[in-house]
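Both ligands and their constituent atoms are indexed starting at 1 by order of listing.
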Amino acid sequence: MKSFYIALILNVLLMLNVSCEKKYPPTDMARHALIPKPVSVEATHETFVLKDKASVFYDSGNEALKKEAEYLAALLGKATGFDIKVKASSALPSRGNIFLTTSMDDDSLEHEDGYKLEIDRRYVKISAPQPKGVFYGIQTLRQLFPAEFEKENKDVKEEWFLPAGTIHDWPEYPYRGAMLDVSRHFFGVETVKRFIDYLAMYKMNILHLHLSDDQGWRIEIESWPNLTKHGGSTEVGGGPGGFFTKDEFREIVAYASERYITIVPEIDMPGHTNAALASYPELNCDGKAPELYTGTRVGFSTLCTHKEIVYQFVDDVVSEISELSPGPWFHIGGDESHSTKHDDYVRFVNRVRKIVKSYGKKIIGWDEIAHADIDSEDVVQFWAREKNALLGVKKGAKVIMSPSKHAYMDMKYDSTTVLGLKWAGYTEVDDGYSWDPATLVEGIERSHILGIEAPLWSETIETLEDIEYMIFPRLPGYAEIGWTSSKHRSWDEYKIRLGKQKQRFEAMGINYYPSSLVPWQNEEDIFIEPIEKDNN
Ligand code: TNX
């Protein structure tokens, strides 16, 4: 009896194989661990095979899209070793190719930053209303390849498989960011670019750079050259510090913008200004320049808010930085000004706000700025005090959610973490993920929220490896909070997808924290690599 059943099963399998015209057995798109989780994934259980002859086609005449095609071809070429060509086309190209288009035939994709990714046996097609959406589709496509795609694989395989199906996707919030503090410790252009790559991979679109603080001034200002010459010459612990020249800053802005990431420059004031005060005595009330500072205390410095020269200084700085940053925002800091009298603080922020607006920028400030005369054009970044954020909302301002208890990537994971601080509490990977921006603070609702941002302060962070350890694996979670609607999110489901990133992180050489809360898994256990079959 048993052998009868075995024979029957074998026969059925044989028939399936014979009648099946597909060369490759099915894969399952829905089993792929995408982060951030897309709005919808429909698997069709077929396989697209990428081979050496493949090209990336884009709508003829669309130069912005051509750039995306070149970006994708370079990504594919680096990963596979294939010589992938870029070609213009006005129709769906022939079998085996990839097509990028901004002509949409699908009303279900109303969101301006959305995309549709279709993979079938014959082709891969990414369509979106804007090139930005195509870029997001490319990031999703990237995650559908096996983890080894993230290595440089010159000539290791002749075929790369992609699971077939259709993904519709768009973001929940327009502002999905991270902050890097380049003041407490300085990080150069290459490290910042790497940070940008990580944001781009998870469809984040904001990099907030904390460019000045007590310990260092990090951006060249031609009209006040001593800011970087003296104020940029050290950092926490007394190291050499550093700063971005204007050209270097332009290079960062351009690199970010190719990845649809906006740089939000921050000059923190009136507190957190020791580096500036040490560089120019006239910014101090007593006219004396303090020593440079290499410790980690906060709240001891302030610009002299009564002096006219201070506003000339602010005007020059805002003017020079605004010229370098095409984004709509200028971050004025405004936090922890414990050495500034309340009335002076309010008057200072009111004046600085006008200066910033005169250069065509909108202000963002830490939640304390809600005490100034702000309105619906301004943005309050909630980090510490709910009361401040609520005051901002009452005045009509929008809110960026950066609650220190959940979103501070410089907080230690637990008591054994060597790097980082713990003043806001330990932030394990689940604490980082399990919160909803729209319900966290009573009175701050979805409609008040511009988005979320996860800051990385760098008092204890000195190298790229340190950065990676603190942001991985929390960063993908913040990206998902910003991108994926909270009704489609749960830690229990997310942690499985996160666990499947193990080999991807390893392929990229990322120094990540292997949290015991995450079920880390090797890809072989989850990715069914199609086996080539004979079609006779
Ligand atoms: C608070 S968050 C600060 C920073 C520190 C950070 C360390 C904020 C607006 N101010 O000056 O670097 O804590 O976690």
Report summary line: shortest atom 11 (O) of ligand 1-to-protein heavy-atom contact is with Arg184 NH2, 2.9 Å
Requested in this report: Please indicate whether any nitrogen or oxygen in Asp410 is less than 3.5 Å from any nitrogen or oxygen in ligand 1.
Outcome: yes
Query raised in the report: Which heavy atom of the protein is the closest neighbour of atom 2 (S) of ligand 1, given with residue, atom name and distance?
Result: Tyr408 OH, 2.5 Å
Report summary line: Numbered in order shown, the ligand 1 atoms found under 4.0 Å of a heavy atom of Trp423 are 1 (C), 7 (C), 13 (O), 14 (O)
Query raised in the report: So, is the end of the Arg474 side chain (NZ or CZ) under 6.0 Å from the ring centre of Tyr512 and within 45° of the ring's axis?
Result: no
Query raised in the report: Who's the nearest protein heavy-atom neighbour of atom 3 (C) of ligand 1, and how far?
Result: Glu336 OE1, 3.4 Å
Requested in this report: Look at atom 5 (C) of ligand 1 and say which protein heavy atom is nearest, naming residue and atom and giving the distance to 0.1 Å.
Outcome: Glu459 OE2, 3.3 Å
Report task. Could you pull out all residues at least two apart from Arg259 that satisfy salt bridge (charged side-chain N to carboxylate O under 4.0 Å, His left out)? Result -> Asp197
Requested in this report: Taking the six-membered ring of Tyr433 (Phe, Tyr or Trp), confirm whether the NZ or CZ of Arg489 is under 6.0 Å from its centre and within 45° of its axis.
Outcome: yes
Requested in this report: Answer yes or no: is there an ion pair linking Glu493 with Arg497, defined by an N-O contact shorter than 4.0 Å?
Outcome: yes
Query raised in the report: Short list, please: which atoms of ligand 1 are under 4.0 Å from a heavy atom of His272?
Result: 11 (O)
Query - Cation-pi check, Lys203 onto Tyr136 ring (under 6.0 Å, within 45° of axis) - result: no
Report task. Check whether any N or O atom of Trp457, backbone or side chain, sits under 3.5 Å from an N or O atom of ligand 1, and answer yes or no. Result -> no
Query raised in the report: Does NZ in Lys422 sit with more than 12 non-hydrogen atoms of other residues, nucleotides or ligands closer than 6.0 Å?
Result: no
Report summary line: Per-atom filter on ligand 1: closer than 4.0 angstrom to a heavy atom of Leu421 are 7 (C), 14 (O)
Requested in this report: Ignoring angles and geometry beyond distance, decide whether Asp181 reaches within less than 3.5 Å of ligand 1 through its nitrogen or oxygen atoms.
Outcome: no
Query raised in the report: Got a sec, which residues hit side chain to side chain contact (heavy atoms under 4.5 Å, CB included) with Asn226, two or more places apart in sequence or on another chain?
Result: Lys229, His230, Ser279, Tyr280
Query raised in the report: Between CG of Asp335 and CZ of Arg385, what distance do you get to the nearest 0.5 Å?
Result: 11.5 Å
Requested in this report: For Met411, take its heavy atoms, then give the atoms of ligand 1 lying under 4.0 Å from any of them.
Outcome: 14 (O)
Query raised in the report: Can an N or O of Asp335 be found at a distance shorter than 3.5 Å from an N or O of ligand 1?
Result: yes
